[in-house]
Protein chains: 2
Amino acid sequence: MSFIPPAFTFVVNSFTNDYMAIFSKTCEYAMRAVFYVAQKSHEGQKVGIKEIAEQINSPEAFLAKILQKLSRERLIQSVKGPNGGFYFDAVSLNRPLADIVSAVDGNEIFTGCGLGLTYCSESNPCPLHEEFKKIRNQITHMLNNTTIGKFNLGLIKGKFTLNK
Amino acid sequence: MSFIPPAFTFVVNSFTNDYMAIFSKTCEYAMRAVFYVAQKSHEGQKVGIKEIAEQINSPEAFLAKILQKLSRERLIQSVKGPNGGFYFDAVSLNRPLADIVSAVDGNEIFTGCGLGLTYCSESNPCPLHEEFKKIRNQITHMLNNTTIGKFNLGLIKGKFTLNK
DNA sequence: ACAATAAAAGATATTTTTGTCTTTTATTCC
DNA sequence: GGAATAAAAGACAAAAATATCTTTTATTGT
């Protein structure tokens, strides 16, 4: 008969960055929200922050801050009071997703060096410069060619998810 | 004569994420350090943390933590004491940069959804799924096909920068 | 005008990432 | 074996990102 001790798991200093995505959470929420509101706008409806947050699965108050910022920058439209909410006008629906990303995450993703060097350039390249340029260009291209309203029909048809 | 008030600049809630790069700072430092140490290893030398930190322009104590982690995972070699330091053996020099990135930033960048959705997949795609897949694949490809020692000659010749 | 509604703004709290400092351990050289 | 060296480990601190709560402002319908 042997004594088996309880399985302790104490992480001393695990130290892997928990969740290192390409975009910040702020930006992820922003993009999801924008697609959701766009779809509703296509159907002629305004949406309140509560519904948006529920539907895209984001913290309501935090998302409110994000949309406030987009609103201040006239990237999204909003009206206060009863029957108010967020929506996109026709012009805004045609804006590139890139505008949302740069409003929220800044321009680093479009211009930054993969190794984080300030003075990395064609004439003073980091080792990854050439390869990273391709990646950056592809991201930029995608973000510039994806309009806010691009997925409206697909979303209405239930082809895409924005939740979890 | 007119009174010109002092120019106050109080940022209420500027709220753009300061610096949103593809990789975390931890990962940027790790990659720069790895390339620097690799180059020295090619020349048969070990390097101390102080020199590495200086040469790649990173906070010394912080970089020490990063290299400790890589060392624990046997991705980099180290010896303590006089004439000690960090280096790569032949096997390690041939490891893909992807190993460094996933040790430090995890696997999100290789597998994650662009909109941060946990259950995004081929059968349950987010709007950006297809486009993002291409980008992820390209990043993955680059990281898998770049060995740690790949830029040794270029670095020795001064073709690349790892600093600032 | 007034009550109700919903976003905007302001203030504050929590968590994660980034960064520093001190002590310990392993190795080398004398 | 002892001093010196350099990484490893541990503890702590600061900054940034994420998240929440409260108050104010604008708008609508009655």
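Naming convention: chains lettered A, B, ... in sequence-line order (proteins, then strands); numbering from 1 in each chain. As the structure is a computational prediction, the values presented were derived from the model and not from experiment.
Between the P atom of dA9(C) and the CZ atom of Phe62(A) lies a distance of 17 Å, rounded to the nearest Å. In this structure, CD of Glu60(A) is placed 11 Å from C1' of dA6(C), rounded to the nearest angstrom. When rounded to the nearest whole Å, the span between OH of Tyr87(B) and P of dT27(C) equals 11 Å. Arg74(B) has its CZ atom 10 Å from the P atom of dA8(D), to the nearest Å. Regarding Gln77(B), its CD atom lies at a distance of 14 Å from the P atom of dA7(D), rounded to whole Å. The interatomic distance linking Asn57(B) (CG) with dG19(C) (P) rounds to 11 Å, in whole Å. For the pair Phe23(B) CZ and dT17(C) C1', the interatomic distance rounds to 17 Å; values are reported in whole Å. Atom NZ of Lys50(B) is separated from atom P of dC21(C) by 13 Å (rounded to the nearest Å).
Nucleic acid contact class of Leu67(A) (heavy atoms, under 4.0 Å, all strands): none. Looking at heavy-atom distances under 4.0 Å, Val47(B) makes contact with sugar-phosphate atoms alone, never a base.
Checked by distance alone, Gln68(A) brings a side-chain donor or acceptor within 3.5 Å of a matching partner on the base of dA9(C). A donor-acceptor contact under 3.5 Å is formed by the side chain of Lys65(A) with the base of dA9(C).
At least one side-chain nitrogen or oxygen of Tyr29(B) sits closer than 4.0 Å to the OP1 or OP2 atom of dG19(C). Between Arg72(A) and dA9(C) there is a side-chain N or O to OP1 or OP2 distance below 4.0 Å. OP1 or OP2 of dT18(C) has at least one side-chain nitrogen or oxygen of Thr26(B) nearer than 4.0 Å.
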Does the side chain to side chain donor-acceptor pair (under 3.5 Å) test come out yes or no for Asn163(B) and Asn57(B), once each step is laid out?
CA-CA 6 Å; Asn163(B) 201 277; Asn57(B) 198 51; 5.1 Å; no
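Transitive grouping of hydrophobic side chains (ILVMFWY, heavy atoms separated by less than 4.5 Å) keeps Met31(B) and Tyr87(B) in distinct clusters. In the hydrophobic clustering of this structure, Tyr29(A) does not group with Met20(A); members are Ile, Leu, Val, Met, Phe, Trp, Tyr whose side-chain heavy atoms approach within less than 4.5 Å, directly or through other members. No single ILVMFWY cluster, assembled from side-chain heavy atoms under 4.5 Å apart, contains both Val79(B) and Val34(B).
Between Asn83(A) and Lys25(A), it is Lys25(A) whose nearest contact on DNA chain D lies nearer the 5' terminus. Each of Ser71(A) and Pro82(B) has a nearest nucleotide on DNA chain C; the 5'-most of these lies closest to Ser71(A).
Checking dC21(C), dT5(D), dT17(C) against the side-chain heavy atoms of Asn17(A) singles out dT17(C) as nearest. With dA26(D), dT18(D), dA9(D) as the candidates, the nucleotide lying closest to the side chain of Lys80(A) is dA26(D). Proximity note for Ser78(B) (side chain, C-beta onward) versus dA9(D), dA7(C), dA8(D): the nearest is dA8(D).
Side-chain polar atoms of Asp89(B) and Ser92(B) form a donor-acceptor pair below 3.5 angstrom.
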